[in-house]
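Have a look at the structure below before the remarks.
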Amino acid sequence: MQNTLRNSLATASLAVCIAVAVSGSTAQAQISGGTQWQTTQMQGMFTNAPVGLMLSTSTVPNLLTVRSPGVVIGPPTEWTVARFGPPTASHPDYSTAELLAGLNRAPHNLPDAATLEFGGFSTGGDVCPSLASDGRLMISNSWYFLSVTVGSSQPGHVFGNAGSALRSVAEPERAILSYYAEGSTGIDATLVNSTLVEQTAAQVGFPVGSTVKLTGLDWGMGAISVDPNSLRSLRFAPVRDRVYFSVSNAWLAVNPSFTAWLDVTPVPMDARTIYSMRWVVPGGLAAPYWAAPEVAVTSEELFGAADGPTVELDAISVFTRPAPYNIMRVVYSTTRACTPPDELLAYDCGTMGGATRPGPVPLRTASGAPVSGRMGLKTSPETDIDNVTGTCGADPEAGVPGDCYGVGMSKLVPSGKQAMGLSVCRSISSTGPTYAPVDIVDMQVSGLDLAPGKSGRVHYYVGFPTLASLLSFSGAPPVWYYLGSAPTVPGQSTVNLQMPGNLGNLGPVSVSAVLVMDDGSVPQRSSLISVISY
C-alpha cells in the first residue's frame, strides 16, 4: 500500500488527530451548489473526537459538558478533576461550580447567581479565515470547516432540506453537522464545499429516544480537557486562559443586577453581547480561578444599528488572538424569535464597522452564497427554520504561526466504489478516582453500509515516513506497519479500533483503513489519511 504525503510536512501538538473521508462514485445530493453526504456514505473527520457540548433538558438548560474521545457508552457529563486531572495554567477547570464562581465575581447586588445558563460558549481558540465586509470567507491556501448543532422551531419539525445531510440523521437535535468550505485546499477534494454529519446522537452518547438537546459545542474544550499535561493540543486549541460566552434572557430575568467590565466601567449584562472570563493562576498555594466577566464583543459590533433589547445570542464561535495579530472574528446565531437575516452570522473586527453597520451580516462562502444554504439548513419560513444552537469552526492552516496542525490527505479508493470515512484521535484518558493516565489512540471508520448478507473486516495500518524523506521534505511513501483489525456486519455503519498510544513522536504519520470482504472479493472501499504524531 502506498500513498503520497504532501511536500509540506509540519510537526504539531494536538489531542485530536485529523481524519478524512474519501470518495468513489456516489449518489450524494447537491443542495445550493454544495455536496450533501448521507450518513450511510461517510461522515466527517471528528466522529470519535472529544468535544465540549452544552445540553438542555426539561429541568436544566444549557449544561456545559464534555464528550470523551473514542467510542462512548453514555451521554456527555460535566468536567471534573477526577475525570480529567487537576487544573493548571493551561488546563483550566470547566466545571459548572468554577465557571459560576467566576460569573459571581461580576459586580452585582446580592444574592449571588445560583445557576449558570450560557446562551453561547467558546474557548476562543476557533480559527476562521478573514471575512469580507459582506461576510464572505476569504480562504487562501488553507481549509475551514464549521460545525453546528440545531434545534427545532415547533413540534413535529422536519429538519433539513430534502436530500440534505441533516435530513439523513435520525435524531438531529442530538447530532453535530459540519460544512467544509468552498475554496478549501489541503484536504481531499471530496470534502471541499460539502456537508457531513460529524457525530450522530449515538456517537455523542445518547440512547435512542433521548429528549436531551444539544445547544452548543466547542472542539477546543474537548481537546484541552483530554490533554491534562498540556503537551498535545496547544496548536489545535491554543487559547487556554479564556472562555467566551453570552447569557440568556431567562438567566438575566432571575439575575437582573449583574454587570461586566468594559475597560474600567461596569456595564449591565444583556443577552446580545459576548463576554469573556480570564483563567487566573495566582501562584503559590492559591488556587486558580475564573476572573470576573469582561465585555469581549459589544452588541453594537455584532448587530450595528439593528441592536435592540429583543436580540438574544444562542450560538458563538470565537476566533481571537492578541497583538500583534489583534484578531477578533465571530460566527454566531440568535434565537429563532429574533428573526435575523440568516441563522449563521459573521463579524470581523478588521473588516466590519461596529455601530456604523446597518445590521448583522450573513456568513457566506467565497462565491457569496449563504453558508446556511450550503449546509442544507431550512431558513424559511420563519416559523419552520432549522435554528442553529451552537457553532464551532476551525481553519488549521490559516497562516497564523502556531495554528498549523494538518498535512495534506491522500486517498486510495477502488474505482466506482462508495466513500468511506476515517477519524483518528489520540488522547490521555483517566481511569478511576486516583487519575491514572492512559495514552490511547482511537480510530473509527464510517459509511460502511454493507449490503444484506455481506460482512468483512476493517484492517488498520500506520505509516511512518523514512528519515530521508523527513530530512529532504520529499514526501516519499511511508513504511507501513499493521495495527490490527475489527469485524463489521450488515447494517453496521461504523467500526472502531483502539490501540495504546505508542505511535511515536518522530513527526508525521499516516493511518490507513481498508475494508476486506469475508467472501474474498476485492475491497469495496478503503480510506487513507495523513495525520501528525505529537
Side-chain angles (χ1 to χ4, degrees), residues 15 50-57 60-68 75-108 110-125 215-230 233 237-248 251-252 254-255 258-261 269 274-296 316 318 320 390 392 428 430 433-435 437:
V51 58
L53 295 166
M54 286 201 299
L55 312 182
S56 182
T57 68
V60 181
N62 296 0
L63 176 67
L64 196 61
T65 64
V66 184
R67 185 245 196 240
S68 296
T77 56
E78 291 188 71
W79 193 101
T80 64
V81 171
R83 185 179 172 200
F84 295 115
T88 64
S90 54
H91 185 65
D93 188 328
Y94 294 117
S95 66
T96 298
E98 287 300 318
L99 290 167
L100 181 59
L103 195 57
N104 277 322
R105 291 187 176 93
H108 65 284
L110 295 176
D112 285 353
T115 60
L116 185 70
E117 186 176 340
F118 294 140
F121 181 87
S122 175
T123 57
T215 55
L217 79 155
D218 189 271
W219 295 111
M221 179 183 172
I224 294 168
S225 296
V226 300
D227 182 28
N229 299 324
S230 305
S233 58
V239 178
R240 292 167 174 253
D241 62 349
R242 295 270 178 165
V243 291
Y244 294 82
F245 63 94
S246 64
V247 291
S248 69
W251 185 88
L252 288 168
V254 180
N255 305 277
F258 273 69
T259 62
W261 293 106
M269 295 183 73
I274 297 177
Y275 303 96
S276 69
M277 289 193 296
R278 184 168 50 93
W279 179 245
V280 178
V281 183
L285 298 177
Y289 62 91
W290 291 108
E294 306 169 17
V295 174
I316 60 172
V318 177
T320 182
C392 185
I428 294 289
S430 173
T434 59
Y435 183 71

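What you see is a predicted model, and the numbers here were worked out from it, not measured in a lab.
Looking at every heavy atom in both residues, P238 comes nearest to G125 through CD-O, 4.0 Å. Taking both residues in full, the closest heavy atoms of S246 and G120 are given as OG-N, 2.8 Å, listed atom of the first, atom of the second, then distance. Residues E117 and S248 share a closest heavy-atom pair of OE2-OG, 3.0 Å. Taking both residues in full, the closest heavy atoms of C392 and L217 are given as CB-O, 3.7 Å, listed atom of the first, atom of the second, then distance. In terms of heavy atoms, W261 sits closest to P107 at CZ2-CG, 3.6 Å. Of all heavy-atom pairs spanning M269 and Y275, the tightest one is CA-OH, 3.1 Å.
With contacts defined as side-chain heavy-atom distances shorter than 4.5 Å, the pair F84/V226 qualifies. Side-chain contact between I224 and P92 is present, with at least one heavy-atom pair separated by less than 4.5 Å. Using a 4.5 Å heavy-atom cutoff, the side chains of F245 and L103 are in contact. The closest side-chain heavy-atom distance from T96 to W79 is not below 4.5 Å. You'll find the side chain of Y94 stays beyond 4.5 Å of the side chain of W279, heavy atoms only. Counting heavy atoms from C-beta outward, V81 and P87 have side chains that approach closer than 4.5 Å. In this structure, V66 and M221 have side chains that are in contact, with non-hydrogen atoms separated by less than 4.5 Å. By the 4.5 Å heavy-atom criterion applied to side chains, V239 and D241 are counted as neighbours.
Among pairs with a residue in residues 275-284, none fulfils salt bridge (Lys or Arg N to Asp or Glu O under 4.0 Å), at least two apart in sequence or across chains.
T320 and R242 share no side-chain donor-acceptor pair at under 3.5 Å. Of the N and O atoms on the side chains of S68 and R83, at least one donor lies less than 3.5 Å from an acceptor on the other residue.
With rounding to the nearest 0.5 angstrom, the CZ atom of R67 is 12.5 Å from the CG atom of L55. With values rounded to the nearest 0.5 angstrom, L100 atom CG is found 10.0 Å from R105 atom CZ. Summarising the geometry, atom OG1 belonging to T115 is positioned 11.5 Å from atom CG belonging to L63; distances are rounded to the nearest 0.5 Å. Note: L99 CG to W290 CH2 = 6.0 Å, rounded to the nearest 0.5 Å. Rounded to the nearest 0.5 angstrom, F121 CZ and L64 CG are separated by 5.0 Å.
The backbone N or O of A237 lies less than 3.5 Å from no partner atom in the side chain of W219, so there is not a single donor-acceptor pair. Side-chain N or O atoms of S122 include none that pairs as donor or acceptor with a backbone N or O of I316 at under 3.5 Å. Panel note: side chain N62, backbone F118; a donor-acceptor pair is recorded below 3.5 Å. Without hydrogens or angle criteria, N255 side chain to W251 main chain gives a donor-acceptor distance under 3.5 Å. Of the possible donor and acceptor atoms, one in the side chain of D218 sits under 3.5 Å from a partner among the backbone N and O of T123.
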